[in-house]
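Here is the structure we will look at, set down as structure tokens.
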Number of protein chains: 2
Amino acid sequence: MVKEPQPLFNDQLEIDRDSYEPAYIQLANILRRQIAEGVFRPGDQLPSESQLCHRYGISPMTVRRTINLLADEGLISTAQGRGTFVKGIELSEATFGLRELKDLFKPDQQAHVKLLDARVVSADERTARKLEIACGAPVIYIRRLFSRAEQPVFYHRAYLIYDPTRPIVEAELDVTSLQGLFAGGNHSLLKFGTLNIESTLLTNEEAELLKRPYPCAAFYLEHLFYDYDDHPLSWGWFIIPADCLHFTAQVGVSPRQAIHSGGK
Amino acid sequence: MVKEPQPLFNDQLEIDRDSYEPAYIQLANILRRQIAEGVFRPGDQLPSESQLCHRYGISPMTVRRTINLLADEGLISTAQGRGTFVKGIELSEATFGLRELKDLFKPDQQAHVKLLDARVVSADERTARKLEIACGAPVIYIRRLFSRAEQPVFYHRAYLIYDPTRPIVEAELDVTSLQGLFAGGNHSLLKFGTLNIESTLLTNEEAELLKRPYPCAAFYLEHLFYDYDDHPLSWGWFIIPADCLHFTAQVGVSPRQAIHSGGK
DNA sequence: AAGTGGTCTAGACCACATG
DNA sequence: ATGTGGTCTAGACCACTTG
């Protein structure tokens, strides 16, 4: 056991106006903690906004920001004219992000991208439908394999609109640049995109490329990007073996969220 | 072609104070649309907050709400002392919800839950570790199969803490009630939970139960719920064949977001 | 020094729900 | 009629960045 000159967890009861933390964050921490401690249980009504104003000596707008923050987190819900209430945990409200993927794609010394294919081909029926072009029209076809420490990590296949009147500028190739898509970068060509995640089996070809035994489960991550004219610009998918990726999410108040220091 | 007495898309340029839509929403729509139209491209600096105040005749706090809203959407980013900038689309910022699952679990006339097992067993090594109890300690074991229109949809297996001092109240059994977990309900016992999503192959047993051929890809959705003492209360997982579930997300400004009526 | 985002105030008015 | 959430104002002050 170790002596603790300052408490490990935050049992803050008042707003500290000298804190570097904004008042609305402090109040959110206080309420979040009270919910985590069971002071307020699912279904309970929280103190009204005016009560919170008087209790903590802050203005209505500041209380409102806190309420909105916690509502965005899915912890509470508001009903005009009735009050603010604590929500029970709901699986259907859980969200997971692609941060795990970002780490996967992150280039380092060990990372290596092998370009398997990069040429102009005729669009087949499915590709033409996805890219909203004529069947048989020319498209740029790209296939590549991403490895780390000699171990294949994922496989990527993509089809890009091929416009002979517009030379294939650097930026266009960058559309499928992995670092660019995941880390950010300014894709001034892309307006928006849709993603689709499924569970799938590796095909024999993919299993061979990825050096996995057959059968093998994998994630299928499909992407479709549109330009500023709302025309599809690129379509493709990543195949990521199950052992390389998993997604996590949380519902309710995690202990880490509730135990947040509020010191000066 | 059809005549359009009112424009299909929103080319609103001013804030309509008589609109039922709040000013901060209207401004968000205006800016979102300008970003979608390419008026502001990734990397561009947006007008400063004070400029927006004067341009649209609203107060700083209202502009701020709009800025925060768009920043939460991942469309723009702010830098204190420098300005507000349009972000390029980033895959790593996409988020997926579990709404699709909610529909899957939704009970209707066609839905049927078959209880395969429900008894007290001794915890094996893995279960004991997950539930943070002693190996061999008694736990409630539940297995069930959810079908719709005679077609198996998913398989669920769960282990619940068995506390002889606390009789198994209705609420505790409700912990794994499917409708409850997904649709909401007040789980006053559960404080928070963690979810883990993987891609997997059906085992022979699962394939048989779910009437799928082998091999077959599926989602493995693991859940671990904690009570208000931060002790694990239930651990388990859903097995959902690939053909029953997929997740979708969007990045950037989708046309639907930008085309939002702002009329009276 | 000037401009930017970030926070906050102390009220106001409205829409809604309840008794 | 009262209390609730929801929006908005017209400023203020601070922290930060840039020239």
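Each chain gets a letter, A, B and so on, in the order the sequences are listed, and its residues count up from 1. Everything quoted here is computed from the prediction, not taken from an experiment.
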Quiz item: Do the side-chain N or O atoms of Thr78(A) get closer than 4.0 angstrom to the phosphate oxygens (OP1, OP2) of dG5(D)?
Solution: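 Looking at the OP1 and OP2 atoms of dG5(D), neither is under 4.0 Å from any side-chain N or O of Thr78(A).
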
Quiz item: Would one find a side-chain N or O of Arg17(B) under 4.0 angstrom from OP1 or OP2 of dC13(C)?
Solution: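 No, no such contact exists.
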
Quiz prompt | Asn29(A)-Arg32(A) side chain donor-acceptor pair, cut-off 3.5 Å | solution = yes

Quiz item: Can you check whether Phe192(A)'s main-chain N or O pairs, donor with acceptor, with Gln250(B)'s side chain at less than 3.5 Å?
Solution: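 Here the side-chain-to-backbone pair does not exist.
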
Quiz item: With no hydrogens and no angle check, is any side-chain donor or acceptor of Gln45(A) less than 3.5 Å from a backbone partner on Arg82(A)?
Solution: yes

Quiz prompt | Closest listed nucleotide, where the reference is the side chain of Pro22(A) and the choices are dC8(D), dC8(C), dG5(C) | solution = dC8(C)

Gap between atoms [atom1] and [atom2], on [X] and [N] respectively (whole Å):
| X | N | atom1 | atom2 | value |
| --- | --- | --- | --- | --- |
| Phe85(B) | dT4(C) | CZ | P | 11 Å |
| Met61(B) | dA10(C) | CE | P | 13 Å |
| Leu69(A) | dC8(C) | CG | P | 12 Å |
| Tyr24(B) | dC8(D) | OH | P | 7 Å |
| Leu70(A) | dG5(D) | CG | C1' | 15 Å |
| Asp18(B) | dC8(D) | CG | C1' | 15 Å |
| Ile58(B) | dG11(D) | CD1 | P | 15 Å |
| His54(B) | dT9(D) | NE2 | P | 13 Å |

Exercise. Quick one: sort the Phe154(B) and Phe146(B) rings into parallel, tilted or perpendicular, breaks at 30° and 60°.
Key: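 Plane angle under 30°, so parallel.
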
Quiz item: Taking the inter-plane angle between the rings of Phe238(A) and His156(A) on a 0 to 90° scale, is it parallel (under 30°), tilted (30 to 60°) or perpendicular (over 60°)?
Solution: parallel

Quiz item: What is the nucleic acid contact for Ile67(A), judged by heavy atoms within less than 4.0 Å: base, sugar-phosphate only, or nothing?
Solution: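 Answer is nothing: Ile67(A) stays at 4.0 Å or more from every strand.
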
Quiz item: Which comes earlier along DNA chain C counting from the 5' end, the contact point of Gly83(B) or that of Pro60(B), where each point is its nearest nucleotide?
Solution: Gly83(B)

Quiz item: Under a 4.0 Å heavy-atom cut-off, which of residues 44-53 of chain A touch DNA chain D?
Solution: Ser48(A), Glu49(A), Ser50(A)

Output a table of nitrogen or oxygen pairs between the protein and nucleotides 17-19 of chain D separated by less than 3.5 Å.
none

Quiz item: Could you give all pairs that pass the ring-ring contact (aromatic ring centres under 6.0 Å, His included) test and reach residues 47-90 of chain B, with sequence neighbours left out?
Solution: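 Applying ring-ring contact (aromatic ring centres under 6.0 Å, His included) to every pair that reaches into residues 47-90 of chain B, excluding sequence neighbours, yields nothing.
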
Exercise. Show your reasoning for whether ring pair (Phe, Tyr, Trp, His ring centres under 6.0 Å) applies to Phe219(B) and Phe247(B).
Key: CA-CA 11 Å; Phe219(B) 281 107; Phe247(B) 300 104; 5.3 Å; yes

Quiz item: Say you draw a straight line from NE2 of His223(B) to CG of Leu190(B); how long is it, rounded to the nearest 0.5 Å?
Solution: 10.5 Å

Quiz item: Does the side chain of Thr248(A) come within less than 4.5 Å of Thr194(B)'s, by heavy atoms?
Solution: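 Side chain of Thr194(B) against side chain of Thr248(A), heavy atoms only: no contact under 4.5 Å found.
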
